[in-house]
Amino acid sequence: MSRVSSRLQGLDFQQAVVYFGFLAIFLFFAVTLYDDGFLTQRNLTNIVLQTAPATIMAVGLVFALSAGEIDLSFGSIVAVSALSCAVALQSFPLPVGVLVGLGVGVAIGAFNGVLVAYFKLPSFLVTLATMGLFAGIARSMTNLRSVPVMNDTFTGLFGSGKLFSIPSLVIWTVIGVAVGHLIYRHTRFGAHVLATGDNPRAAQVSGIKVARVRLYVLMICGGCAGLAGLLYAGRLQAAKYTLGESDLMTVIAAVIVGGTALNGGKGSVVGALLGSLLMGMLNNGLILMNLKVSDQMIVRGLIILIAVAVSLRDTSR
Amino acid sequence: MSDQDVLSLTNIHKAFGGVVAIEDFSLNLKAGEVVALVGDNGAGKSTLIKIISGVYSPTSGDILLDGQKTDFRDASAARANGVEVVYQDLALADQQPVYMNMFLGRELTKGPLNLLDKARMRQETQELVDELDVRIPSASSTISDLSGGQRQGIAIARATHWASKLVLLDEPTAALGVAETARVEALIEQLKAKDLAILIISHSLDQVFRLSDRICVLRRGKQIGVRETKSTDKNEIVSMITGVA
């Protein structure tokens, strides 16, 4: 019984890390950067707006990691999706552009997924390769040129617009996290994802179609990256091959800090949201501190290292 | 009805390429009967379990379940027909709660969105573990927090819950201590009382003699013989297993 309760405390601790970390960093910046305007509503809203694409990517990654897979290619999918969407919007109406953007994301995810699920290749290597492959495709699609997005409805819907004075990027974040959480925690598919990551053989002999689960989680990752691409394109009113390029480390860190196990079977969509906001806050605070870019990178890297170490402390048993 | 065999294996033969794993095996099981499958390592016991549970198809021979000829494509097909297996490695998802393991792959849902009915799964699990006297802290406990005996209890309870005809047990107490073994054996007695047919693989002859009605001996894929447990003794079974008279 004491073993059980100590384990429960361990679980609480792991899940509480992201809340405490969030609070600690928030308070730290609130005090030290008060005069620099960290606490202004404008700055706080900005943090949420800037993290919206990363949060959506993080939701997708929770599914992949929980199923025991990983996706390293989502940053490249963001760029290819955003560019495809922007190009489509130049000659087609809005719904076509949106469908192209999302469809490209899901299709690339399916490409990853088929190689992993049916050709039995490790997802780490598959997506490491497709990360490079689609980064190259993104560069060659428009010869490194950025593509402007002139469609005002699109930029309103996915970027600067508001609904009842709530910024659309906040709404997308809420929808993405809510739908992700619902599927992850409250559907049979979510349960099958967790079982597949936890013990694939047990899942298999229990009649769960393990290969199909692996395919679907990578498609979800691709679809989320596609949506993140639309959000970038909407906010910046342009698509470029660099979109998503620098998100890999941030998003993985956000998801891990949020309580999702790297080796599957355990995770949290809401935790990933908090992890993502934490990363956004960190970015924002370090910029307000007027650190050089190189120093920002060093400090951010160290803090992520500490955060990941702390949140993984108990899972190695 | 009770006279009819739940499981009937006739002239089962299984070869992997040129290697013969099971040769001309025949066995009948009735409801409420425990048959022990014994033999040395590599005698073909696990292969036989896998054939009955649909993991392998026999090269030749017939499998009848309740008198119906069956040809299971995979383990799911066998499960759909009331055959459950308790695997040696238990096939539990360690980081999930007990109730999710109990309903693994067969989760209950509710409402128009088909959302998981966790409350009902938790409640049914609690009722089941109470009925079978599997002592765990709660149906919501995480599997990795449980002892080996408790985990084995969950795996057997799961098989009981879903099996309508036949339970196959592969070394159910191999990793357990004395007290835990006794509890699992009590659990198996309860399955028997529920009129399920039970086929159990065990290396412990003491256990075999405690639990079984009949003992079937395999040696190098060959069926050496079947004995009534009451009318045989350990010496006979050991010499059948080893082939030394």
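Order of the sequence lines sets the chain letters (A, B, ...), proteins ahead of strands, with each chain counted from 1.
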Quiz prompt | Segment of A/I208 engaging chain B (4.5 angstrom heavy-atom cut-off) | solution = side chain
Quiz item: So, B/D94 and B/R151, do they make that salt bridge, N to O below 4.0 Å?
Solution: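 Answer for the salt bridge query: yes.
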Practice problem: Kindly indicate whether the side chain of B/Q207, heavy atoms from C-beta on, has any atom under 4.5 Å from the side chain of B/T181. | Solution: yes
Quiz item: Heavy-atom distance under 4.5 Å to chain A: side chain of B/L104, backbone, both or neither?
Solution: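 Both the backbone and the side chain of B/L104 come within 4.5 Å of chain A.
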Self-check item: Choice from B/L92, B/T109, B/L108 maximising heavy atom contacts with chain A below 4.5 Å
Solution: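 Sorted descending by pairs with chain A, the first entry is B/L92.
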Quiz item: Taking the six-membered ring of B/F103, is the NZ or CZ of A/R188 close enough (under 6.0 Å from the centre) and on axis enough (within 45°)?
Solution: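 A/R188 over B/F103 ring: no.
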Quiz item: Are the aromatic rings of A/Y184 and A/F189 close, with centres under 6.0 Å apart?
Solution: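 Ring centres of A/F189 and A/Y184 not closer than 6.0 Å.
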